[in-house]
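FYI, side chains are in, hydrogens and waters are out, and symmetry mates aren't considered; it's all heavy atoms of this structure.
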Amino acid sequence: MENIILGLLLLQPRTIYQLRKRINEGLNLMYSCSTGSIQAALKKLLKSGCIGVEEIKENGRIKKLYVITESGKKQFGSWVNAPIDCHAAKNPELTKIYFMGFTEKETRIKLIESHISGLVKIYGSLDKICKEGEDLAAGISGNDILFYQLRTAEYGRDFMKFNIDWYNNLLNAIRSR
């Protein structure tokens with residue numbers, strides 16, 4: 001969570017509300033977060049000197065705006081430049097499929113249908129993000145940050161499409177047994 005926050009603060013200073021909103025809207029496939037987990041990460045980053053905090057007045061209210069420090073930029077750089085972990089693609093939920101033979105056929109069908117429904121919703125959200133990103137990218141050339149953010153959204157969308165197809169094939173196989 002700390003590195004995600006550092007990356008977002010590298011793009012621009014943000015309040016805790018803005019951090020949570022951005023993570024939930026664009027990074028939710030990679031990380032789920034609560035206000036508590038963000039607060040804990042911010043506390044750790046403040047203690048280590050990777051971020052600072054400024055108080056701003058907005059609509060008569062004082063808000064904390066978090067900013068990345070040089071130390072935070074170095075820490076983020078070390079993390080983002082480290083090799084990508086190929087073992088991080090594990091899906092613990094697949095163990096439910098592995099043991100699904102212990103459930104009744106009707107239960108299996110309902111579980112898979114419900115899962116497909118959730119995947120379709122996620123796919124729709126990611127497809128929308130991709131289309132908005134493509135429109136934005138068309139007007140901006142040479143923006144490396146946007147380029148990789150869009151590629152990540154496309155990965156998520158394509159991964160959801162793969163999952164939808166895979167679970168539909170599984171559902172058809174269950175029904176035909």
Side-chain angles (χ1 to χ4, degrees), residues 1-96 114-115 117-137 140 143-161 163:
M1 177 62 67
E2 289 89 4
N3 290 313
I4 299 238
I5 290 172
L6 290 174
L8 291 173
L9 295 180
L10 199 55
L11 293 170
Q12 70 183 57
R14 298 174 196 258
T15 64
I16 192 168
Y17 170 79
Q18 291 168 327
L19 285 167
R20 193 172 125 238
K21 184 176 181 202
R22 184 66 184 103
I23 292 168
N24 286 335
E25 288 177 354
L27 300 167
N28 57 352
L29 267 182
M30 297 166 271
Y31 278 90
S32 57
C33 72
S34 65
T35 302
S37 63
I38 293 173
Q39 287 172 330
L42 288 171
K43 184 177 179 181
K44 185 175 178 182
L45 290 167
L46 281 165
K47 186 176 180 179
S48 67
C50 289
I51 63 170
V53 64
E54 299 172 1
E55 289 188 352
I56 59 168
K57 195 170 187 177
E58 188 176 284
N59 298 330
R61 297 181 68 201
I62 295 177
K63 294 185 177 186
K64 291 182 179 181
L65 188 68
Y66 296 93
V67 296
I68 192 166
T69 63
E70 284 303 315
S71 174
K73 290 177 185 177
K74 287 179 186 173
Q75 179 173 314
F76 180 79
S78 294
W79 172 76
V80 79
N81 288 301
I84 298 169
D85 182 5
C86 63
H87 298 288
K90 294 179 181 174
N91 182 351
E93 287 297 302
L94 278 177
T95 56
K96 289 181 181 178
S114 175
H115 189 62
S117 176
L119 293 173
V120 168
K121 287 178 186 174
I122 295 169
Y123 176 86
S125 296
L126 289 167
D127 193 46
K128 181 181 175 190
I129 289 169
C130 289
K131 287 177 179 163
E132 290 170 357
E134 289 164 2
D135 292 343
L136 183 60
I140 304 171
N143 185 323
D144 285 345
I145 295 167
L146 181 59
F147 174 83
Y148 288 100
Q149 288 176 344
L150 182 55
R151 297 294 84 78
T152 305
E154 289 171 346
Y155 170 85
R157 179 193 60 196
D158 295 349
F159 184 66
M160 283 302 110
K161 176 71 170 114
N163 276 283

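Sparse packing is recorded around CD1 of Ile145, with 12 or fewer heavy atoms of other residues, nucleotides or ligands lying under 6.0 Å away.
In terms of the salt bridge (charged side-chain N to carboxylate O under 4.0 Å, His left out) criterion, Glu54 has no residue partners (sequence neighbours excluded). Considering only residues two or more places apart in sequence or on other chains, Glu134 meets the salt bridge (charged side-chain N to carboxylate O under 4.0 Å, His left out) condition with none of them.
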Go through Leu6 and Ile51 one step at a time and tell me if the side-chain contact (heavy atoms from CB on, under 4.5 Å) criterion holds. CA-CA 8 Å; Leu6 290 174; Ile51 63 170; 3.7 Å; yes
Check the pair Leu19 / Leu42 against side-chain contact (heavy atoms from CB on, under 4.5 Å), numbers first and verdict last. CA-CA 10 Å; Leu19 285 167; Leu42 288 171; 4.0 Å; yes
Go through the steps to decide whether Asn3 and Gln75 satisfy the test side-chain contact (heavy atoms from CB on, under 4.5 Å), and finish with yes or no. CA-CA 8 Å; Asn3 290 313; Gln75 179 173 314; 4.0 Å; yes
The test is salt bridge (Lys or Arg N to Asp or Glu O under 4.0 Å); show your working for Lys131 and Asp135 and say whether it passes. CA-CA 6 Å; Lys131 287 177 179 163; Asp135 292 343; over 6 Å; no
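For the pair Arg151 and Phe147, the cation-pi criterion (under 6.0 Å, within 45° of the ring axis) is fulfilled.
In this structure, Arg20 CZ and Thr35 OG1 are separated by 4.0 Å, a value rounded to the nearest 0.5 Å. Interatomic distance, OG of Ser37 versus CD of Glu2, reported as 9.5 Å (0.5 Å rounding). In this structure, CD1 in Ile38 is found 16.0 Å from NZ in Lys43, a value given to the nearest 0.5 Å.
Using the six-membered ring where Trp is involved, Phe76 and Trp79 have ring planes that are tilted, between 30° and 60° apart.
Within the 4.5 Å cutoff, no side-chain heavy atoms of Glu154 are placed close to those of Ile129.
Asp127 places no side-chain N or O within donor-acceptor distance of the main-chain N or O of Tyr123, the cut-off being under 3.5 Å. Between the side chain of Arg14 and the backbone N or O of Leu8, at least one donor-acceptor pair lies under 3.5 Å.
Of all the heavy atoms in Asn81 and Gly77, the pair that sits closest is ND2-O, 2.7 Å. Of all heavy-atom pairs spanning Arg157 and Cys130, the tightest one is NH1-CB, 3.4 Å. Closest heavy-atom contact between Met1 and Ala41: CG-CB, 3.6 Å.
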Validation: residues 63-71 side-chain donor-acceptor distances under 3.5 Å, sequence neighbours left out:
{"unit_1": "Lys63", "atom_1": "NZ", "unit_2": "Glu58", "atom_2": "OE2", "d": "2.9"}
{"unit_1": "Thr69", "atom_1": "OG1", "unit_2": "Gly49", "atom_2": "O", "d": "2.6"}
{"unit_1": "Thr69", "atom_1": "OG1", "unit_2": "Cys50", "atom_2": "O", "d": "2.9"}
{"unit_1": "Thr69", "atom_1": "OG1", "unit_2": "Ser71", "atom_2": "N", "d": "3.4"}
{"unit_1": "Thr69", "atom_1": "OG1", "unit_2": "Gly72", "atom_2": "N", "d": "3.2"}
{"unit_1": "Glu70", "atom_1": "OE2", "unit_2": "Lys73", "atom_2": "NZ", "d": "3.3"}

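The only option from Leu146, Leu150, Asn143 that meets the side-chain contact (heavy atoms from CB on, under 4.5 Å) definition with Leu136 turns out to be Leu146.
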